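Inspection log for the structure reproduced underneath, given as structure tokens.
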Amino acid sequence: MRFILHAAALLFLHFLLTVSFCLAIRTTVGGDGLGFRFPEAPYYRNGVECPVSSGDRNLVQVSMTLDFEYLRGSIAAVHSVVRHASCPENIFFHFIAAEFDPASPRVLSKLVRSTFPSLNFRTYVFREDTVINLISSSIREALENPLNYARNYLGDMLDLQVDRVIYLDSDLVLVDDILKLWNTTLTNSRVIGAPEYCHANFTKYFTAEFWSDPVISRVFRSRKPCYFNTGVMVMDLVRWREGNYRKRIENWMEIQRKKKIYELGSLPPYLLVFAGNVEGIDHRWNQHGLGGDNIRGSCRSLHPGPVSLLHWSGKGKPWVRLDGGNPCPLDHIWGSYDLYKGNLIKHQSFPPAFANFFEYPSYLF
């Protein structure tokens, strides 16, 4: 009962904080041809105190994946970011879409444009064959999706002028200004920043075969590793490129293919490379695990302390539970950012003029 009351209080507080920013929403057909229908989101404008952006200067750079399965989550995440941003027009999104997704990158890009007409973004094509031969079986099939590994290639896909980026998963929402997260300082030449959880049992993220191997297990010998969730990261792409961290991660994935050293998909290679050398960010920026465990997807409560970002990592996704009529209490907070209308639309083709909305990356795999 205490948990339900706490969730209700949090939702009411969230309503009070955001109601003044809510504008009239005009419904438009998303035009995706795959049954999605989203309204046009409100247009959130910069405040008078916002600096004028010139090129990449003064822009908050955000990267997310974009795919058919998680599209509804991605739209809600973007909506939450711009809704709470003090300078929403100074945010630039880098969307990574899989080449062979059921919804093509062109279709996904057009749907984002129709939902957020004023959004600054670019869509990049991620070729699954870049990583498919490095992926091993995981505890859950969804974790084997090649797009989960796209974050490893941001340093290659994004233009060299993009020297810093916030990576966000698609199953989260922000209830705070993303500029605060962007202003994180990465000290001592650290490459990434993320909330750390040093009380977690770190040994469980790797198999007995890993810990019994005296050569590979010594990777942590000179470090004090802590668990961190890769769904929210501030990344220095200059240091990433200089240190060739993509290759370091791939090296561990190659070892995993030869001997089973972990079971959790794309997360363990990051722990192997970065754990113990991460810029710790306040836990309020990744209240993760709200999707429940990977077996039952049961409801979970918030961690103690303030909240700036809620993350439904784990098996259960809020849109699935809400549609099924069995939501967890916190799922209703996610629902306040959900723009999905739920009405199926007929398949339609798109005019050639749509090509103006889409850009291929300068780096092709």
Side-chain angles (χ1 to χ4, degrees), residues 23-45 59-83 85 88-128 145-147 150-151 153-154 157-159 162 165 167-173 317 319 337-365:
L23 306 177
I25 295 180
R26 179 163 56 90
T27 301
T28 61
V29 175
D32 58 275
L34 289 167
F36 277 102
R37 183 185 178 96
F38 294 94
E40 183 178 307
Y43 183 16
Y44 299 100
R45 299 180 181 273
L59 288 179
V60 175
Q61 309 278 355
V62 180
S63 182
M64 299 176 60
T65 57
L66 201 61
D67 68 324
F68 174 69
E69 184 178 1
Y70 280 70
L71 179 61
R72 190 168 164 189
S74 298
I75 294 294
V78 172
H79 186 204
S80 74
V81 171
V82 297
R83 183 170 174 175
E89 296 174 290
N90 289 4
I91 302 174
F92 194 98
F93 285 87
H94 303 269
F95 294 117
I96 314 298
E99 183 179 18
F100 298 114
D101 191 84
S104 73
R106 290 180 182 271
V107 168
L108 292 170
S109 187
K110 183 176 188 294
L111 194 146
V112 171
R113 178 62 67 199
S114 68
T115 308
F116 303 99
S118 61
L119 194 70
N120 299 314
F121 75 91
R122 180 179 179 184
T123 303
Y124 305 76
V125 178
F126 180 66
R127 289 177 52 180
E128 291 97 322
N145 186 336
L147 201 58
R151 73 196 84 184
Y153 300 90
L154 294 180
M157 300 187 73
L158 275 56
D159 290 338
V162 180
V165 72
Y167 176 81
L168 297 176
D169 271 351
S170 297
D171 53 355
L172 54 77
V173 294
K317 301 306 173 188
W319 55 90
Y337 300 96
D338 183 21
L339 294 175
Y340 179 57
K341 299 301 291 184
N343 293 1
L344 292 179
I345 59 177
K346 294 181 179 180
H347 179 78
Q348 56 183 287
S349 58
F350 302 109
F354 168 65
N356 295 330
F357 292 134
F358 190 86
E359 297 181 69
Y360 283 91
S362 57
Y363 183 91
L364 297 177
F365 296 98

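If you're wondering where the values come from, they're calculated on a predicted model, not measured in any experiment. Each residue takes its place number in the sequence, starting with 1.
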side-chain contact (heavy atoms from CB on, under 4.5 Å) assessment of Tyr70 paired with Thr65: CA-CA 9 Å; Tyr70 280 70; Thr65 57; over 6 Å; no
Glu89/Tyr43 under side-chain contact (heavy atoms from CB on, under 4.5 Å): CA gap, chis, key distance, verdict: CA-CA 9 Å; Glu89 296 174 290; Tyr43 183 16; 2.8 Å; yes
Thr123/Leu108 under side-chain contact (heavy atoms from CB on, under 4.5 Å): CA gap, chis, key distance, verdict: CA-CA 9 Å; Thr123 303; Leu108 292 170; 6.0 Å; no
Val78 vs Thr115, side-chain contact (heavy atoms from CB on, under 4.5 Å): CA-CA, chis, key distance, verdict: CA-CA 10 Å; Val78 172; Thr115 308; over 6 Å; no
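Ring pair Tyr153/Phe126 is tilted by interplanar angle, where 30° to 60° counts as tilted. Taking the six-membered ring for Trp and thresholds of 30 and 60 degrees, Phe93 and Phe95 have nearly parallel ring planes, at less than 30 degrees apart.
For the pair Pro39/Lys341, a side-chain contact is recorded, criterion being any heavy-atom separation below 4.5 Å from C-beta on. The shortest distance between side-chain heavy atoms of His94 and Leu154 does not fall below 4.5 Å. In this structure the side chain of Tyr340 reaches within 4.5 angstrom of the side chain of Phe38, judged on heavy atoms. Contact annotation: the side chain of Asn120 never approaches that of Ile91 to less than 4.5 Å [non-hydrogen atoms, C-beta and beyond]. In this structure, Arg106 and Val125 have side chains that are not in contact, with every pair of non-hydrogen atoms separated by 4.5 Å or more.
With rounding to the nearest 0.5 angstrom, the CG atom of Leu66 is 8.0 Å from the CG atom of Asp101. Between atom CG of residue Asp159 and atom CD of residue Gln61 there is a gap of 9.5 Å, rounded to the nearest 0.5 Å. To the nearest 0.5 Å, atoms CZ (Phe116) and CD1 (Ile75) are separated by 5.0 Å. Annotation: the span from Ser63 atom OG to Phe92 atom CZ amounts to 11.0 Å, rounded to 0.5 Å.
Residues that satisfy the salt bridge (Lys or Arg N to Asp or Glu O under 4.0 Å) test with Asp338, not counting sequence neighbours, are Arg72. Among residues two or more places apart in sequence or in another chain, the side chain to side chain donor-acceptor pair (under 3.5 Å) test is passed with Glu128 by none.
The minimum heavy-atom distance linking Met64 with Ala77 is given by the pair CE-CB, 3.6 Å. Residue Ala85 comes nearest to Pro88 through the heavy atom pair O-CD, 3.4 Å, listed as atom of the first residue, atom of the second, then distance.
Between the side chain of Arg127 and the backbone N or O of Phe100 there is no donor-acceptor pair closer than 3.5 Å.
Remark: of the listed residues Glu40, Arg37, His79, His79 is the sole one forming a side chain to side chain contact (heavy atoms under 4.5 Å, CB included) with Leu339.
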